[in-house]
Structures are given as structure tokens and as C-alpha cells.
Amino acid sequence: MAIWRRERVLCQPPLSPTDGSPAETTLLAETILAGLNPEQRDAVTTTEGPLLVLAGAGSGKTRVLTQRIAYLIGVCGIAPDGILAVTFTNKAAGEMRERVEKLLGAGAAAVWLATFHSVCMRILRRDIGHLGYSRGFAIYDEADSLGVVRQAVARHRLDPKIVDARRLRWRIDQWKNAGDDPAAAARSAVDTEAQQAAEVYATYQRLLADASALDFGDLLLMTVELFDRFPEVLAHYRRRWQYVLVDEYQDTNRVQYRLVQQLASEHRNLCVVGDPDQSIYAWRGADLHNILDFERDHPGAVVVKLERNYRSTQPILAGASGVVANNMARRRKDLFTEREGGEAIRGFEAEDDRDEAQRVVREIQATVRDDGRAYGDCAIFYRTNAQSRIFEEELLKYDVPYVVVGGVRFYDRAEVKDALAYLRLAQNPADGAALRRIVNKPARGIGKTSLERAEALAEQHGTSLLEGLRRYGESEEGARAAPRIRAFVRMQSELAGQLAGTAPARAIALVLDASGYLAALEREGSVEAESRIENLRELIAAAEDFHRANAGFPDERGEFELFLDQVALVSDVDSYDRRDDHVSLMTVHSAKGLEYPIVYLVGMEEGVFPHSAALRDAVGVEEERRLCYVGMTRAMERLTITSAAERLRFGSRSYGVPSRFLAEIPPAVVERVEGRGRARPVPASRGPHYDYSYAQAEPIGAAAIVRGVRVRHPHFGAGVVISVAGAGASQKLKVQFDRAGVKTLVLKFANLELG
DNA sequence: TCTGTAGGCGTTTTT
DNA sequence: CGCCTACAGA
């Protein structure tokens with residue numbers, strides 16, 4: 001929650017941390033650059049023009065970004081509000097802000113340091129009027145958005161049993177990530193199904209507009225559109241942000257790329273930091289080309305490589321590098337560490353998932369007891385959220401403190417969403433998703449039929465759902481439910497009046513009381529209802545926290561509107577607090593950017609990790625491999641990798657084969673352990689620079705592929721190359737497969753082996 | 001309109 | 001296995 005505090009952009013006079021005298025500036029420069037290696041210094045001091053920082057895992061990336069911001073302000077004298085730094089998570093933004101403030105004091109608060117989504121939201125809150133939208137727009141989360149897709153499907157009279165709304169939503173999301181509006185989607189449609197999807201997309205957008213709502217993708221897309229269509233608006237932001245920094249650039253999608261281009265193409269002071277090997281969000285539309293083609297897109301770009309790893313011991317880094325070296329679509333990188341020696345990576349195969357969890361938990365206990373480690377030093381990473389349960393059970397059984405990071409967000413709990421929906425509806429009466437959510441919570445006799453009629457009326461008159469409901473309540477046919485509907489509508493408008501200008505905590509309390517929501521829960525009296533009430537108390541506490549953080553910073557927008565904005569864009573990982581002593585459980589995706597002395601990477605079986613859904617093509621497998629790399633490189637001192645011979649999936653037993661990634665770890669740095677025991681140390685006597693590529697089949701280079709060569713494809717099997725076109729990794733080949741026939745493949749993605 | 005239950009379905013990863 | 005949805009009965 002502390003995040004909110006930092007999220008505020010304060011209007012303050014530009015900070016001047018020095019008196020401007022050369023001596024003092026030099027002193028400050030020295031402080032900022034102290035302890036940086038030469039490459040890191042380059043990355044910090046190359047302030048003008050495009051700069052690509054290729055930062056390997058654990059190479060001090062965050063440090064470079066923060067020192068760079070400090071350098072721009074403290075040494076170059078740039079006003080803090082002239083700097084825009086974009087990250088992917090609020091957590092990363094918060095961490096960075098903390099560190100900049102440590103260097104420069106509170107004045108650094110004026111730096112725009114936020115996530116893409118939050119930056120866009122603020123821009124749109126100010127300027128979306130140009131696009132004909134209300135500035136009071138609602139932000140729809142995934143569940144709200146899914147509801148709208150279902151509505152759109154219904155409008156097209158499509159059979160919901162045949163058309164999968166979830167898949168459609170995903171598809172629309174992909175379009176948005178690629179920057180395609182419904183018209184573009186329709187143009188690109190190759191079959192009737194795609195055509196139909198594009199039509200639903202169009203309806204979906206119309207319904208969103210009717211509800212005056214934006215989904216996550218819209219936040220980005222509409223900002224880009226705004227800048228495209230209104231150059232004078234863009235000019236304002238360009239003038240404002242003379243320096244643009246982007247973190248985790250390898251995870252940007254096409255729309256984010258365009259946004260960055262728009263903001264930076266004039267002054268060209270663009271610094272992007274990333275690591276292609278840690279790109280793990282292609283499924284969400286991230287486009288590796290953004291980082292791979294940076295030099296081509298930005299002529300004269302300076303490239304700095306950070307290859308010294310400060311985090312992990314040599315065996316861990318060697319193991320992780322060995323795995324990722326198997327990817328073909330990859331820029332070569334030679335990470336090295338000075339933490340020579342250290343324990344070998346340990347691996348064991350458990351009998352089943354229960355045994356796996358038990359052994360991990362017992363080991364953690366033993367480590368804490370015998371080695372003087374803290375629970376907080378230990379983390380368990382898994383591929384899918386569903387895997388957390390069995391570990392939780394075992395941790396509970398042995399009384400080990402733990403925290404699950406991610407999973408169900410606090411703000412995704414039903415009761416919390418209900419309470420917030422009342423606020424949303426008060427703020428934006430057009431918000432149909434919010435209305436649907438609470439119209440009959442607590443039960444007040446306004447059911448499905450009433451809502452259907454209301455929707456029909458709304459459509460017919462071109463009004464909001466709430467207005468449709470009001471009409472229905474006053475019409476004659478609504479006789480049965482009419483009094484109840486009228487009471488609801490009256491309550492809603494009274495609430496809207498009362499809530500304007502009210503502090504969020506009070507607003508929530510008011511709503512819970514006036515709606516009878518709290519009373520209904522209290523009446524229920526079950527343990528579950530108790531815990532719901534407890535969560536609502538926590539929500540009010542969070543709102544109070546927000547109020548305190550914002551005290552003294554008046555904004556033209558109501559405070560609870562700002563509160564809703566924050567809530568819409570925080571994830572669970574953001575509020576995750578590491579201070580308490582507990583074992584951390586999370587997906588490998590959530591683990592990105594974190595580090596732990598002791599890491600357990602569990603469930604390393606084919607179909608689990610790599611996940612079966614990713615096995616369709618080589619591109620999917622490569623992303624899984626990068627994910628594995630991310631997981632392994634989180635470990636500082638001890639890494640244990642486990643698999644289970646059989647596990648319960650979907651309630652039935654399935655048998656697992658150890659993950660292919662295990663075989664890709666150089667054997668010299670792994671040790672299989674049976675039972676508990678310390679891993680043998682790996683001697684540090686391998687020379688100053690360990691050769692991470694040894695024991696590693698080099699990926700097939702373009703040179704190896706000529707006509708007539710026999711190759712093996714992971715999916716199509718063995719075959720022979722019959723023609724080669726183009727050059728480099730992007731060259732295309734025709735391969736005659738022994739069984740699958742002739743296929744045209746792109747070398748870099750085809751994952752071919754010789755032979 | 002509400003409540004209970006049976007059946008179907010699904011799990012990748014998330015701002 | 002557990003969640004969510006659809007449907008039947010009151």
C-alpha cells in the first residue's frame with residue numbers, strides 16, 4: 001500500500017541538490033558513480049541519444065537505472081519532472097523511487113516513475129476528452145471485460161456453448177497488444193471465424209464506450225491513438241519529458257513500443273534496459289523484436305552490455321546459462337560471476353507431488369535449524385499457481401511460516417470487488433459491469449429477468465444500463481419488481497450524492513451500511529462471512545492509509561476516484577512485504593526481479609515445466625526455457641531443482657518425465673541427491689572465466705545449414721534440407737521430412753538439430 | 001426470484 | 001480436484 005504514496009506526482013519546484021558549483025557537482029558525480037563497474041558507469045553517464053543497456057540477470061540493472069536518474073538530476077541539472085521512467089510493476093517503480101530518494105532526497109518525488117498502465121491512465125484522465133470519452137471513465141479488469149465479451153456474444157446471437165467467451169477475450173486482447181482496432185482486425189481476418197471474432201470485437205468496443213469504460217489494453221492503445229490524432233497533445237508530453245527510461249524493455253508489446261517512439265522520437269534521449277533472455281511475456285503480446293531491433297530502429301544508438309553477475313555463485317550461473325544457451329533465437333551473451341566455487345545445483349526426483357512438497361519443506365526446516373538460515377532466505381518457485389496448494393498444506397503441517405505471492409489478489413476477492421463496485425457506480429453511473437455486480441447484492445429481488453429487460457431498454461434508448469433499469473422500474477410491465485427497483489435506483493442516486501467529495505474509507509463504510517451489504521453478512525454468521533467482514537475491514541484500512549498518504553495534496557478529482565484508480569492497477573506482488581521471516585511461494589513469472597539465497601524450483605517435468613500448452617511450437621519452448629533461466633538466476637547461493645515421478649492433475653494420476661531443461665544443465669555443476677545432504681562444493685579452480693558453453697551443443701548456426709543436410713525437428717522428426725533462402729538467423733528453409741512432408745521453416749525458430 | 005445441486009469444465013504465466 | 005454455470009424445484 002505504500003506504493004500509493006509514491007504514485008502521486010507532486011507539483012513542486014525543480015529540485016536543485018547542489019548549489020551548482022563545479023566542485024560540488026563533481027563530488028555528487030563521484031558519489032553517484034561510486035562502486036559502479038566501467039560498463040555500468042557508461043550506462044549511467046551516456047545521457048544523450050538512444051542507449052540500449054543489455055543487462056544480464058543479476059548484473060545490477062536496477063542500480064544503473066536509479067543512478068542514472070540521480071545523475072540526470074544531480075549532475076546534469078535536469079528537472080525531476082522532466083524525466084519519465086517506465087517499469088512493468090508498481091513494485092519495481094516503488095523500489096526504484098526509494099533508491100533515488102536515498103540519493104537525492106524527497107525532491108526526487110517529482111520524477112514520473114510508474115508502470116506503463118499507470119502513466120497512460122494519468123495521461124488519459126487529463127486528455128481523453130479529445131477522443132470523445134469522459135475523463136471519469138471506469139477501468140475494467142479481466143472479469144468485467146469478460147462479462148462485456150459475453151454481452152457482445154449475446155448481441156450477435158451467437159451460441160455461447162460454441163463460442164468460447166474467454167478465448168474471444170484473449171483474442172481481442174492480442175489484437176489490442178498488437179495495436180489493431182476492430183477495423184484492422186477485420187481486415188486481417190482470414191476466415192469466417194476470425195471475421196466473426198472481429199465483429200464481436202467491434203461490438204465489445206461499443207459496449208465499453210457505452211459504459212464509459214476502458215480495459216487494460218485500451219489504456220495503452222487509446223493513449224497512442226490520442227497522440228497520433230492530436231499532435232499538440234503529444235507535443236505537450238514531449239516537451240515535458242526530455243529523458244525517457246524504459247525498464248524490462250524485452251517485455252514491451254507493439255503498442256508500448258509505439259508509445260515510447262512517440263514520446264522519444266524528437267529528442268531521442270531514450271534509454272532502454274532489458275535482457276532478451278528474460279523475455280517471458282510473449283503470450284501477453286510482448287515482442288522481442290523491440291529489443292533485438294533497437295539499434296536498427298535508433299541509428300547511432302550506443303549499446304552497453306552488463307555481463308558481470310553480482311548475484312549468483314558460479315555453478316548456479318553456469319547451470320542457468322547452460323539451459324538458455326539452447327535457444328536459437330538469441331543474442332550471444334557471456335555472463336560471468338566472481339563468486340567462484342559454491343555448492344553444486346542439487347536435484348532430486350520425488351515419488352509424487354506430495355513427497356516432493358514434503359522433502360522441500362523438511363529441507364527448509366533443517367536448513368533453518370542447522371545452518372542458521374532464516375525462512376525469509378528461502379523461496380519456492382513453481383510454473384502454475386495450482387501447484388502452490390500442496391506446498392501450503394505441507395508448510396502448514398510443519399508449522400513453517402509462509403506467504404503465497406500472487407494468486408488471488410486482495411482486490412479480486414468477491415466482497416472487496418462488491419464494495420468497490422458500489423463506489424464505481426457512484427463515480428460513473430454508466431459503469432454497467434459495476435451495476436450488474438451489485439444490483440442484487442445483497443439479494444433485493446432484482447434478478448435476471450429484470451436485468452434483461454433493463455438491458456433491452458438501455459439498448460433501445462441508447463442509454464446506460466442504470467438508466468434502462470430506472471425506466472423499467474417506472475414502466476407498467478415491471479409491476480412485480482418495480483418497487484424494489486425504484487428503491488434501488490433511489491438508493492444509488494442518494495449514495496452518488498453523498499459520496500462526492502467523501503474520503504474513500506468513509507465512502508466504503510457508508511456504502512456497506514446503506515446498501516445493507518454488511519448487515520446481510522452479519523446476519524449470515526458463518527465463518528466464511530466472518531472472514532469476508534474481516535477483508536472489508538482491511539479494505540477500509542487500506543483506504544485510510546491512502547487518505548493519510550494523500551493528505552495535503554488536493555486534486556481536482558475526488559479522492560475516492562483516485563483511490564479506485566490505484567486499486568485498478570495494483571497487483572498482489574506490488575504489496576508483497578519481505579520484512580517478515582517467512583518462506584515465499586510464487587510462480588516463476590512473479591519471481592522475476594527478485595532474488596533469494598536459497599531457491600527451490602519445483603515440478604520440473606515435461607508438461608508442467610515446460611508447460612504442455614507451450615509445447616506446440618519451438619517459439620513456445622524457447623519462452624519456457626527463458627522462464628526456466630529466470631527462475632534459476634533468482635538463486636544466490638543454493639538452488640535445488642525437483643521433479644515428481646507422478647502427480648495428481650485434474651484429480652487423476654499422471655506420470656511425469658523429467659523436464660528437458662534438467663538435461664540441459666551442464667553435468668559438472670549438478671548433483672543428484674537422494675535424501676538430505678549437503679551438495680558437494682564445486683571447486684573454484686576452473687580458471688578466471690568459467691566456460692559456460694562447454695558440454696553444450698552450440699545452437700545450429702546458419703553456416704551449418706546447406707542443401708542436403710539431414711536435420712531433426714522437435715515436432716516433425718527427421719528430414720533433409722532441400723532449399724535455403726535468405727541469410728542469417730532469419731533465413732528460411734524448405735525441409736523434406738521423412739514422415740511429415742515438405743515444410744517451410746524459419747531457421748531461428750525451427751529448433752532444428754543436425755543429424 | 002432464490003437456493004441447492006449436478007454436471008461440465010479447466011490450468012499457463014498477468015499489467 | 002475444485003470452481004463455475006446451468007438448471008430444476010420451491
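Computation of the quantities below employed the complete heavy-atom set of this structure, encompassing side-chain atoms and omitting hydrogens, waters and symmetry-equivalent molecules.
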Looking across every strand, which nucleic acid part, if any, lies under 4.0 Å from [X] by heavy atom: base, sugar-phosphate, or nothing?
X      : result
A/S450 : sugar-phosphate
A/R389 : sugar-phosphate
A/F216 : base
A/A443 : sugar-phosphate
A/R626 : nothing

Quick one: on DNA chain B, does A/R444 or A/T87 contact a more 5' nucleotide (nearest heavy atom)?
A/R444
Both A/G445 and A/H117 contact DNA chain B. Taking the nearest nucleotide for each, which residue is further toward the 5' end?
A/G445
Taking 4.0 angstrom as the limit, do A/R626 and A/E623 come out as a salt bridge?
yes
Would you check, one step at a time, whether the test side chain to side chain donor-acceptor pair (under 3.5 Å) holds for A/Y629 with A/Q278?
CA-CA 7 Å; A/Y629 175 76; A/Q278 294 187 61; 5.5 Å; no
Protein-nucleotide distance ([X], atom [atom1]; [N], atom [atom2]), rounded to Å:
X      : N      : atom1 : atom2 : answer
A/E392 : C/dG2  : CD    : C1'   : 14 Å
A/Y411 : B/dT15 : OH    : C1'   : 16 Å
A/M586 : B/dT14 : CE    : C1'   : 15 Å
A/Q250 : B/dT13 : CD    : P     : 20 Å
A/K441 : B/dT3  : NZ    : P     : 13 Å
A/I280 : B/dT15 : CD1   : P     : 11 Å
A/L451 : B/dC2  : CG    : P     : 11 Å
A/R169 : B/dT14 : CZ    : C1'   : 10 Å

Could you point out which residue of A/D218, A/D215, A/D431 forms a side chain to side chain donor-acceptor pair (under 3.5 Å) with A/Y140?
A/D431
Under 4.0 Å between a side-chain N or O of [X] and OP1 or OP2 of [N]?
X      : N      : result
A/N385 : B/dT13 : yes
A/S118 : B/dT15 : no
A/S590 : B/dT13 : no
A/N440 : B/dC2  : yes

Which residue in the set A/R437, A/R436, A/R424 passes salt bridge (charged side-chain N to carboxylate O under 4.0 Å, His left out) when paired with A/D144?
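Of the listed options, the one satisfying the test is A/R424.
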Count the heavy atoms belonging to other residues, nucleotides or ligands that lie under 6.0 Å from CD of A/E393, then report whether that count exceeds 12.
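For A/E393, atom CD is crowded (more than 12 foreign heavy atoms under 6.0 Å).
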Between A/F116 and B/dT15, do the rings stack, that is, sit under 5.5 Å apart with planes less than 30° off each other?
no
